[in-house]
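First comes the structure, then the notes that go with it.
Every chain is numbered from 1 and lettered A, B, ... according to where its sequence line falls, protein lines coming before strand lines.
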There are 2 protein chains.
Amino acid sequence: MPPYDPSAFPPFAVTVDLVVLTVRHHALCALAVRRGESPFQGRWALPGGFVRPDEDLEQAAARELAEETGLQPQPDDAAPVPGAHLEQLATYGDPKRDPRMRVVSVAHLVLAPDLPAPRPGGDASGVRWAPVETLLSRDEDQSPLAFDHAGILADGVERARSKIEYSSLATAFCPQEFTVGELRRVYEAVWGVALDPRNFHRKVTGTPGFLVPTGGTTTRQGGRPAQLFSAGGATLLNPPMLRPEV
Amino acid sequence: MPPYDPSAFPPFAVTVDLVVLTVRHHALCALAVRRGESPFQGRWALPGGFVRPDEDLEQAAARELAEETGLQPQPDDAAPVPGAHLEQLATYGDPKRDPRMRVVSVAHLVLAPDLPAPRPGGDASGVRWAPVETLLSRDEDQSPLAFDHAGILADGVERARSKIEYSSLATAFCPQEFTVGELRRVYEAVWGVALDPRNFHRKVTGTPGFLVPTGGTTTRQGGRPAQLFSAGGATLLNPPMLRPEV
DNA sequence: CCAAAAGTGTTGTATCTACACCCATGG
DNA sequence: CCATGGGTGTAGATACAACACTTTTGG
């Protein structure tokens with residue numbers, strides 16, 4: 001890299017923070033890590049870390065995700081194999097957001113299927129899935145998320161809620177093969193509403209390219225055997241899934 | 001600011017770049033500045049600059065906008081007075097996007113009404129409104145936009161195109177008072193399609209809170225006098241404006 | 001009078017909501 | 001046999017596309 005006068009620009013630290021969402025036990029949950037050091041020592045925070053000198057922002061986010069969870073996000077244009085969806089969310093750069101120094105954080109959003117167990121990576125002092133509602137409530141053990149992470153999480157949740165309206169992204173929360181009912185429960189957990197199972201079924205099976213039947217069936221949810229589907233190639237839902245009034 | 005070991009993190013330069021869009025002469029146009037120095041000397045680029053040590057990202061974007069155009073963007077929750085809309089677009093941090101050093105750029109999107117004349121600010125060597133189509137075409141004087149700015153501009157245009165579907169943001173392209181026909185021509189220019197004037201009229205006047213009549217009329221577009229409106233308080237359009245198939 | 005743009009009415013179609021109803025399994 | 005979830009049929013409401021038609025100005 002050619003030399004450049006470092007006094008000509010103010011130096012910043014650049015980090016990536018991750019909003020990793022999944023649906024567990026009928027609730028929208030986010031990944032939180034316990035901070036081992038000051039500031040906010042002992043408080044919960046979003047996973048994240050410094051961007052390395054030679055990696056792209058998305059690479060940095062994927063690396064941090066793998067370090068924390070073992071998940072390998074899939075590029076959007078790859079075949080629909082099991083794996084998380086990753087996209088850039090927004091960038092947070094308030095001068096006072098980190099008391100130590102000027103840090104600009106590029107937040108990313110990850111949508112993942114329910115994972116067997118959160119596998120703590122390098123920092124094993126504490127990793128957990130927590131319901132978003134808990135993490136954003138006023139008194140999470142009297143200690144809300146560190147830094148501005150509550151706001152970042154809220155933005156990520158809002159993005160997920162709106163994106164599943166007009167895209168097929170909700171399938172990122174499901175295992176490779178899933179039933180229409182399982183997909184509906186994802187929508188219900190993310191939106192926090194109840195949907196009519198019959199109209200939902202018609203809607204998703206009637207949208208070309210959204211779901212492709214695998215041929216198999218399952219009774220893992222009880223009741224009559226349900227067809228198994230995998231995510232189709234379509235990414236945009238037109239017309240969109242309508243979110244009931246709140 | 002408390003001290004922090006600078007060797008613990010790699011230093012980055014952080015900039016803001018601006019995608020400033022307006023509608024002029026029935027075409028969607030973006031603000032471009034001529035670069036006075038290397039690299040890409042003499043090429044067109046998006047306006048932008050370094051974030052200062054003590055300002056927020058949005059403040060930096062607003063400051064650069066004012067320096068380049070004299071526009072004062074309005075906070076979204078302010079009364080609907082004339083002025084531009086500003087929002088964060090996305091962040092670009094490819095390690096090789098600036099040949100001199102590692103630069104992370106937080107791009108912002110500005111939607112502005114047609115301005116009397118682009119007022120060159122500090123850097124007067126060249127500022128112009130250019131049709132987006134021209135700036136993104138393969139041979140803009142055999143010299144496309146500098147750095148990765150063509151991609152940033154394309155992302156900004158795509159964001160504007162989709163946001164006017166489900167929000168009232170298209171009014172940000174209009175003067176304080178405007179007619180339904182003028183608003184329709186904004187949609188037509190941004191989407192590059194023709195809309196049925198009659199159905200459009202019904203749609204926008206029938207959506208509560210979108211438009212509020214000012215009482216006046218104008219014949220500045222010729223023909224029968226048209227009612228003047230200003231932007232109403234509503235920001236979300238439900239149901240959305242439907243973009244015809246392309 | 002004519003062109004041009006504004007605005008209203010009407011008809012057919014697509015899509016959604018709500019709910020009655022039947023199907024196939026496990027216990 | 002019954003509870004549970006899967007899936008289909010149908011009627012009314014809403015919104016939209018398409019287009020005929022009237023209104024009000026400037027030239």
Side-chain angles (χ1 to χ4, degrees), chain A residues 25-26 164-166 174 177-189 191 193-230 234 236-246, chain B residues 26 164-166 174-175 177-189 191 193-230 234 236-246:
Chain A
H25 314 310
H26 244 239
I164 64 173
E165 284 188 54
Y166 58 89
C174 295
E177 293 197 337
F178 53 90
T179 69
V180 171
E182 287 161 355
L183 182 63
R184 176 172 48 81
R185 280 180 271 277
V186 163
Y187 274 91
E188 291 177 333
W191 283 345
V193 298
L195 300 175
D196 186 305
R198 298 150 305 186
N199 292 335
F200 183 88
H201 185 278
R202 228 192 317 267
K203 172 73 178 171
V204 296
T205 56
T207 301
F210 190 4
L211 301 181
V212 295
T214 65
T217 61
T218 182
T219 61
R220 62 189 176 215
Q221 303 287 346
R224 166 176 166 179
Q227 280 187 88
L228 283 168
F229 295 88
S230 59
L236 256 50
L237 253 50
N238 211 305
M241 184 79 60
L242 289 189
R243 170 156 42 159
E245 309 282 329
V246 209
Chain B
H26 245 237
I164 65 174
E165 284 188 53
Y166 58 90
C174 295
E177 293 197 337
F178 54 90
T179 69
V180 171
E182 287 162 354
L183 182 62
R184 175 172 48 82
R185 281 180 271 277
V186 163
Y187 275 90
E188 291 177 333
W191 284 346
V193 298
L195 299 176
D196 185 305
R198 301 151 300 186
N199 293 335
F200 183 88
H201 185 278
R202 228 192 317 268
K203 171 76 179 170
V204 296
T205 57
T207 301
F210 190 4
L211 301 181
V212 295
T214 65
T217 62
T218 182
T219 60
R220 62 189 177 216
Q221 303 288 346
R224 167 175 167 182
Q227 275 185 268
L228 283 169
F229 295 87
S230 60
L236 255 51
L237 254 49
N238 210 304
M241 184 78 61
L242 289 188
R243 171 157 38 161
E245 309 283 330
V246 213

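One interatomic measurement links the two molecules: CG of A:D196 to P of D:dG12, which rounds to 18 Å at whole-angstrom precision. Residue A:E188 contributes atom CD, which lies 12 Å from atom P of D:dG5 at whole-angstrom precision. As rounded to whole Å, 12 Å separates atom C1' of D:dG6 from atom CG of A:L228. We find that CG of A:N238 is positioned 13 Å from P of D:dC16, with the value rounded to whole Å.
When heavy atoms are screened at a 4.0 angstrom cut-off, B:R220 is found touching no nucleic acid atom at all. Using a 4.0 Å heavy-atom criterion, one finds that A:R185 contacts the sugar-phosphate atoms exclusively.
Every residue two or more places apart in sequence or in another chain that forms a side-chain contact (heavy atoms from CB on, under 4.5 Å) with A:T218 is listed here: A:T179, A:R220, A:L228. B:R202 meets the salt bridge (Lys or Arg N to Asp or Glu O under 4.0 Å) test with no other residue; sequence neighbours excluded. Not counting sequence neighbours, the partners of A:T214 by the side chain to side chain donor-acceptor pair (under 3.5 Å) test are A:E177. Legend: residues meeting side chain to side chain donor-acceptor pair (under 3.5 Å) with B:R184, ordered by chain and number and at least two apart, are B:E188. Not counting sequence neighbours, the partners of B:T217 by the side-chain contact (heavy atoms from CB on, under 4.5 Å) test are B:P225. Taking B:R224 as the reference, nothing meets the side chain to side chain donor-acceptor pair (under 3.5 Å) condition, with sequence neighbours excluded. Under the ring-ring contact (aromatic ring centres under 6.0 Å, His included) criterion, B:F178 pairs with no residue, sequence neighbours left out. In terms of the ring-ring contact (aromatic ring centres under 6.0 Å, His included) criterion, A:Y166 has no residue partners (sequence neighbours excluded). Under the rule for a side-chain contact (heavy atoms from CB on, under 4.5 Å), B:N238 has no partner lying at least two apart in sequence or in another chain.
Comparing D:dA18, D:dG7, D:dG6 by their nearest atom to the side chain of A:V180 picks out D:dG7.
The minimum heavy-atom distance between B:F210 and B:A234, with the atom names listed, is N-CB, 4.1 Å.
Protein chain B contacts DNA chain C over a range whose 5' and 3' limits, counting nucleotides with an atom under 4.0 angstrom from a non-hydrogen atom, are C:dA4 to C:dT10.
Contacts between residues 199-207 of chain B and DNA chain C, defined by a heavy-atom separation under 4.0 Å, are made by B:H201, B:R202.
The backbone N or O of A:I164 sits less than 3.5 Å from a side-chain atom of A:Y187, completing a donor-acceptor pair.
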Pull out every protein N or O sitting under 3.5 Å from an N or O of nucleotides 24-27 of chain D, one pair per line with the distance.
from, atom 1, to, atom 2, distance (Å)
D:dT24, O2, B:R224, N, 3.3

